[in-house]
Amino acid sequence: MLESKQPGLYAMRHSLAHIMASAITRLYPGVKLGVGPVIDNGFYYDVDLGDKQLSDADFEKIEAEMRKIVAENQPFERFTKRINEAIAWADEAGQPYKEELLHDLKRSGTTIASELDSEELGLPTDGTNKVEEVSFYRNGEFTDLCRGPHVESTGAARAFKLMRVSGAYWRGKDSNAQMQRVYGVGFTTEKELRQYLAMIEEAKQRDHRKLGQELDLFVFSELIGPGLPLFTPRGTILRRQLDNFVQEMRDEYGYQEVSIPHITKKDAYIASGHWDKFEHELFKITTREGHEFAVKPMNCPHHTQLYASRSRSYKDLPIRYRETTTCYRDEQTGELSGLSRVRAFTQDDAHVFCRTSQVEDEVLKVWDIVDRFYGTLGFELSVRFSTHDPKTMDAYSGSEEKWQSVEEQLLSIVKSKVGESYIAGVGEAAFYGPKIDFMAKDAIGRTWQVATAQLDFNQPEGFDLTYVNEEGERERVVMMHAAIMGSIERFLSVYIEHVAGRFPVWLAPEQIRIIPVNQDEAVKQFTKDVVANAKKLGLRVAIDYDNESVGKKIRAAELMKVPYALVIGQKEVESGEVVPRVRKDIEVSEEHEARTVEEFLNTVANETKSRVNKTSL
RNA sequence: GCCGUUGUAGCUCAGUGGUAGAGCACCUCCAUGGUAAGGAGGGGGUCUCGGGUUCAAAUCCCGACAACGGCUCCA
């Protein structure tokens, strides 16, 4: 993030990577080093220790050694070598990974693999310059190929901690050897380090997998399969409410709901271009007659056929289809994670078919919906303009010229909305077109990619989608893909953690919990009346009939993060008034001792309708 | 898919070679309770699954599956 770009902090983190590598070299002579760059909040170093597997238990030893090196206050000395001398050095030092990098540098002036490597080595990434000379840094007995910068000496290192070790492929390629990547964090002060560790702890507390279990929102079953979440009644209410919100807004903007089957012939994906790229991620079905089908991994081909089902006039455009529907992708098991990455996910999908001249309007409509949706849910949004990478054109459909012109058009829309304050996502485009990706910043400062609007000039070709213009000629239609939540599952994972399971009243699966003090007939009757009236208003209410103390029931309601709890006893029966207990995070504007049941219920109904998370109760 | 770690009751976890435990949850009874845990009793586990070693395996070994931390991937 930004802070790691601060020159001082960056240099310190980079120096910590070297200090760690020095420590590991001292402790495990013969270690072969990969690369050790700066990352958000810290650094890592890739090491090849042969058969020795590092574990958390080794961190203490390494950290102790690092502290020693810091105490020794070794100066960081920069020097250079001719490329051939450098290669000889790597060979002699028994550093084959470094040697490989150096050979690449010599040959082509770049390490190609990924930008990370090049950046780490401080080289031009365009591959034009051959390297004649490379820089090294030495601290104490440790020398490393490196462009720097570094701090003056190891004594300048401040607060750090090793976090974890994991596998990482040499140069990020899964066909390469796997090394051990040791992650550390580094800060200028102990206080910042403590704050960071506290944030990690907070994130753990908010983990949607933990909350999903505690709040009874969704489950996984080993019998059903990995990556296939099952939503409980409570979780399903969340999904429904969120989707209703999106779809209400879409209706305002002229979208029409459609409905499609979940499987299709293979031919649809050949026409769309998906078969080529994603065949191995499809769940395939062969019918008893030998025809090949696939479970849908996306909805565009189906929607194109609705469009193509009759001839379209320019007067019909734009045509906007919306549908919330589940897609299935055969993700690798190692990539699955809670609701963030699943094999069955539900998209709040939409496809707009329009003329080029209508693109701007349509993008802005999506943008409006995105702003309203994420604004209501309390996220701060940023925008990424995701374009093709000219260096890897074979990953995309369509010509370079077409890509450039479409991106130009989309970029002018982005600029009209946010000026220059967008993130350039080169190489982040879909294979069929550029995207505007919306990134949401959550309550503890993490950003997630959420909504997306994608221009597609390839599938209209593949499916031959046209309309008839004013002159009676057929013209190619433009297609836009737009999802607000993206995948509801993934969105929920972000949102649950954003609010830490404390859903606003309009979303809370259970909005009101009634806690009868005893089993008296009058109390029972009163309770039943409250429930009946609440249901008439469409409120979600439950009664806790357990034979437990009031205190315990309050606690249970609190743990389930129910917004309102009503204790009903003799007092309420006699007065007809209730004193709602309001969940602590809900902002209370004007507090009242007691309200009639009717007043209370109407207030909650209004809060639900207006989708606010504050109350006048 | 790859590397590593883990897998004991619905949940959180203890148990390291001699045939399984706690707290919470659940059920029953008592208590008729007033805003974050009232009391007593009870039920519940092929110790993920399949092989192996051993007189004996939750415990040791191998394999599969699953979860977790990363890597790779993400229409």
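Every chain is numbered from 1 and lettered A, B, ... according to where its sequence line falls, protein lines coming before strand lines.
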Asks: Can you tell me the Watson-Crick or wobble partner of B:G34, both distances under 3.5 angstrom?
Replies: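 The base-pairing partner of B:G34, which may sit in any strand shown, does not exist here.
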Asks: Answer yes when A:Asp48 and A:Lys32 have at least one side-chain N-carboxylate O distance shorter than 4.0 Å, and no when they do not.
Replies: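 Salt bridge flag = no for A:Lys32 with A:Asp48.
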Asks: Can you list everything that forms a salt bridge (charged side-chain N to carboxylate O under 4.0 Å, His left out) with A:Asp207? Sequence neighbours excluded, please.
Replies: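 Counting only residues at least two positions away or on another chain, A:Asp207 forms a salt bridge (charged side-chain N to carboxylate O under 4.0 Å, His left out) with A:Arg209.
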Asks: Suppose you measure atom P in B:G10 against the same atom in B:U16; what distance do you get, rounded to whole Å?
Replies: 22 Å
Asks: Have a look at A:Leu339 and tell me which of A:Phe345, A:Phe218, A:Tyr495 forms a side-chain contact (heavy atoms from CB on, under 4.5 Å) with it.
Replies: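 Only one option passes, and that is A:Phe218.
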Asks: Can you check the distance between B:C26 and B:A9, where both ends of the measurement are the C1' atom (answer in whole Å)?
Replies: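 Rounded to whole Å, the distance is 11 Å.
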Asks: Counting distance only, does the side-chain N/O of A:Asp348 pair as donor-acceptor with the main-chain N or O of A:Gly486 below 3.5 Å?
Replies: yes
Asks: For B:U5, give its Watson-Crick or G-U wobble partner with both distances under 3.5 Å, or none.
Replies: B:A67
Asks: If you measure from the C1' atom in B:C74 to the same atom in B:G15, how many Å do you get, rounded?
Replies: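 Their C1' atoms lie roughly 42 Å apart.
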Asks: Say we look at B:U46 and B:G63: how far apart would their P atoms be, to the nearest angstrom?
Replies: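 One P to the other, the span is 27 Å.
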Asks: With a 3.5 Å distance limit and no angle check, can you tell me whether A:Asn518 reaches the backbone of A:Asp520 through a side-chain donor-acceptor pair?
Replies: yes
Asks: Between A:Tyr183 and A:Arg164, is there a cation-pi geometry (under 6.0 Å to ring centre, at most 45° from the normal)?
Replies: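 Yes, A:Arg164 sits over the ring of A:Tyr183.
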Asks: What nucleic acid atoms does A:Gly338 come within less than 4.0 Å of, heavy atoms only: base, sugar-phosphate, or nothing?
Replies: sugar-phosphate
Asks: Return the nucleotide paired to B:G17: Watson-Crick means purine N1 to pyrimidine N3 with N6-O4 or O6-N4, wobble means G-U with N1-O2 and O6-N3, both under 3.5 Å.
Replies: none
Asks: Please check if the number of heavy atoms outside A:Lys284 that lie under 6.0 Å from its NZ is greater than 12.
Replies: yes
Asks: Could you say whether A:Gln519 or A:Leu54 is positioned toward the 5' end of RNA chain B, judged by the nucleotide with the nearest heavy atom to each?
Replies: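 It is A:Leu54 whose nearest nucleotide is closer to the 5' end.
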Asks: Take the protein atom CG of A:Asp544 and the nucleotide atom C1' of B:A25, then report the distance between them rounded to whole Å.
Replies: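 Whole-Å distance recorded here is 14 Å.
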Asks: What is the base-pairing partner of B:C60, counting Watson-Crick and G-U wobble geometry with both distances under 3.5 Å?
Replies: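 The base-pairing partner of B:C60, which may sit in any strand shown, is B:G52.
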Asks: For A:Leu410 and A:Thr387: C-alpha separation, side-chain torsions, deciding distance, then whether side chain to side chain contact (heavy atoms under 4.5 Å, CB included) applies.
Replies: CA-CA 10 Å; A:Leu410 199 54; A:Thr387 56; over 6 Å; no
Asks: Suppose you measure atom C1' in B:A25 against the same atom in B:U12; what distance do you get, rounded to whole Å?
Replies: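 Their C1' atoms lie roughly 11 Å apart.
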Asks: Taking pairing as Watson-Crick or G-U wobble with both contacts under 3.5 Å, can you name the mate of B:G23, or confirm there isn't one?
Replies: B:C11
Asks: Scan A:Gln347 against the nucleic acid and name what it touches under 4.0 Å (heavy atoms): base, sugar-phosphate only, or nothing.
Replies: nothing
Asks: Strictly under 4.0 angstrom, non-hydrogen atoms only: write out the protein contact profile of nucleotides 36-45 of chain B, one letter per nucleotide from the 5' end, B, S or -.
Replies: BBB-------
Asks: To the nearest angstrom, how far is A:Phe526 atom CZ from B:G34 atom C1'?
Replies: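 Atom-to-atom, A:Phe526 to B:G34, this comes out as 15 Å.
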Asks: For A:Lys402, does the NZ atom sit with more than 12 other heavy atoms under 6.0 Å from it, leaving out its own atoms?
Replies: no
Asks: So which nucleotide does B:G45 pair with, by the Watson-Crick or G-U wobble rule with both distances under 3.5 Å?
Replies: none
Asks: For A:His302 and A:Glu323, test the side chains for any donor-to-acceptor distance below 3.5 angstrom and give the result as yes or no.
Replies: no
Asks: In whole Å, what is the span from the OH atom of A:Tyr564 to the C1' atom of B:U35?
Replies: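 Nearest whole value for this atom pair: 17 Å.
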Asks: For the P atoms, the ones on B:G4 and on B:A64, what distance do you get once it is rounded to whole angstrom?
Replies: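 The same atom, P, in both gives a distance of 13 Å.
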Asks: Roughly how many Å apart are B:G1 and B:U72, using the C1' atom of each and rounding to a whole number?
Replies: 8 Å
Asks: Examine A:Tyr307 together with A:His351 and report whether their ring centres are nearer than 6.0 Å.
Replies: no
Asks: Hey, what are the protein-to-nucleotides 62-66 of chain B N/O distances that come in under 3.5 Å?
Replies:
residue : atom : partner  : partner atom : Å
B:A66   : O2'  : A:Glu222 : OE2          : 3.3

Asks: Please state how far atom CD1 in A:Ile568 lies from atom C1' in B:U35, giving the value in whole angstrom units.
Replies: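 After rounding, the reported distance stands at 12 Å.
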Asks: Report the distance from atom CG of A:Asn176 to atom P of B:C3, rounded to the nearest whole Å.
Replies: 14 Å
Asks: Would you say NZ of A:Lys52 has more than 12 non-hydrogen atoms from neighbouring residues, nucleotides or ligands within 6.0 angstrom?
Replies: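 Correct, the count exceeds 12.
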Asks: Pairing check on B:C29: which nucleotide meets the Watson-Crick or G-U wobble criteria with it, both distances under 3.5 Å?
Replies: B:G39
Asks: Please say whether more than 12 non-hydrogen atoms of neighbouring residues, nucleotides or ligands are located less than 6.0 Å from CD in A:Glu201.
Replies: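 Yes, the 6.0 Å shell around CD holds more than 12 heavy atoms from other groups.
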Asks: Walk along nucleotides 9-14 of chain B from 5' to 3' and tag each nucleotide B, S or - by protein heavy-atom contact under 4.0 Å, base first, then sugar-phosphate.
Replies: --S---
Asks: Please determine if A:Arg181 forms a cation-pi arrangement with A:Tyr44, meaning its NZ or CZ atom is less than 6.0 Å from the six-membered ring centre and no more than 45° off the ring axis.
Replies: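 So A:Arg181 does make the cation-pi contact.
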Asks: At under 4.0 Å between heavy atoms, how does the protein contact nucleotides 70-75 of chain B? Give one character per nucleotide, 5' to 3', with B, S or -.
Replies: BBBBBB
Asks: Taking the same atom, C1', in B:C68 and in B:U53, what whole-Å distance lies between them?
Replies: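 Result for the C1' pair: 30 Å, nearest Å.
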Asks: Rounded to the Å, how far apart are A:Leu49 CG and B:C3 C1'?
Replies: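 In whole Å, B:C3 C1' and A:Leu49 CG are 13 Å from each other.
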Asks: Name every donor-acceptor pair, under 3.5 Å, that has one atom in a side chain of residues 568-579 of chain A and the other anywhere in the protein, sequence neighbours excluded.
Replies:
residue  : atom : partner  : partner atom : Å
A:Glu572 : OE1  : A:Gly569 : N            : 2.8
A:Ser575 : OG   : A:Lys571 : O            : 3.1
A:Ser575 : OG   : A:Glu577 : N            : 3.1

Asks: Show the nearest heavy-atom pair for residues A:Gly227 and A:Val342, with the distance to one decimal.
Replies: O-CB, 3.3 Å
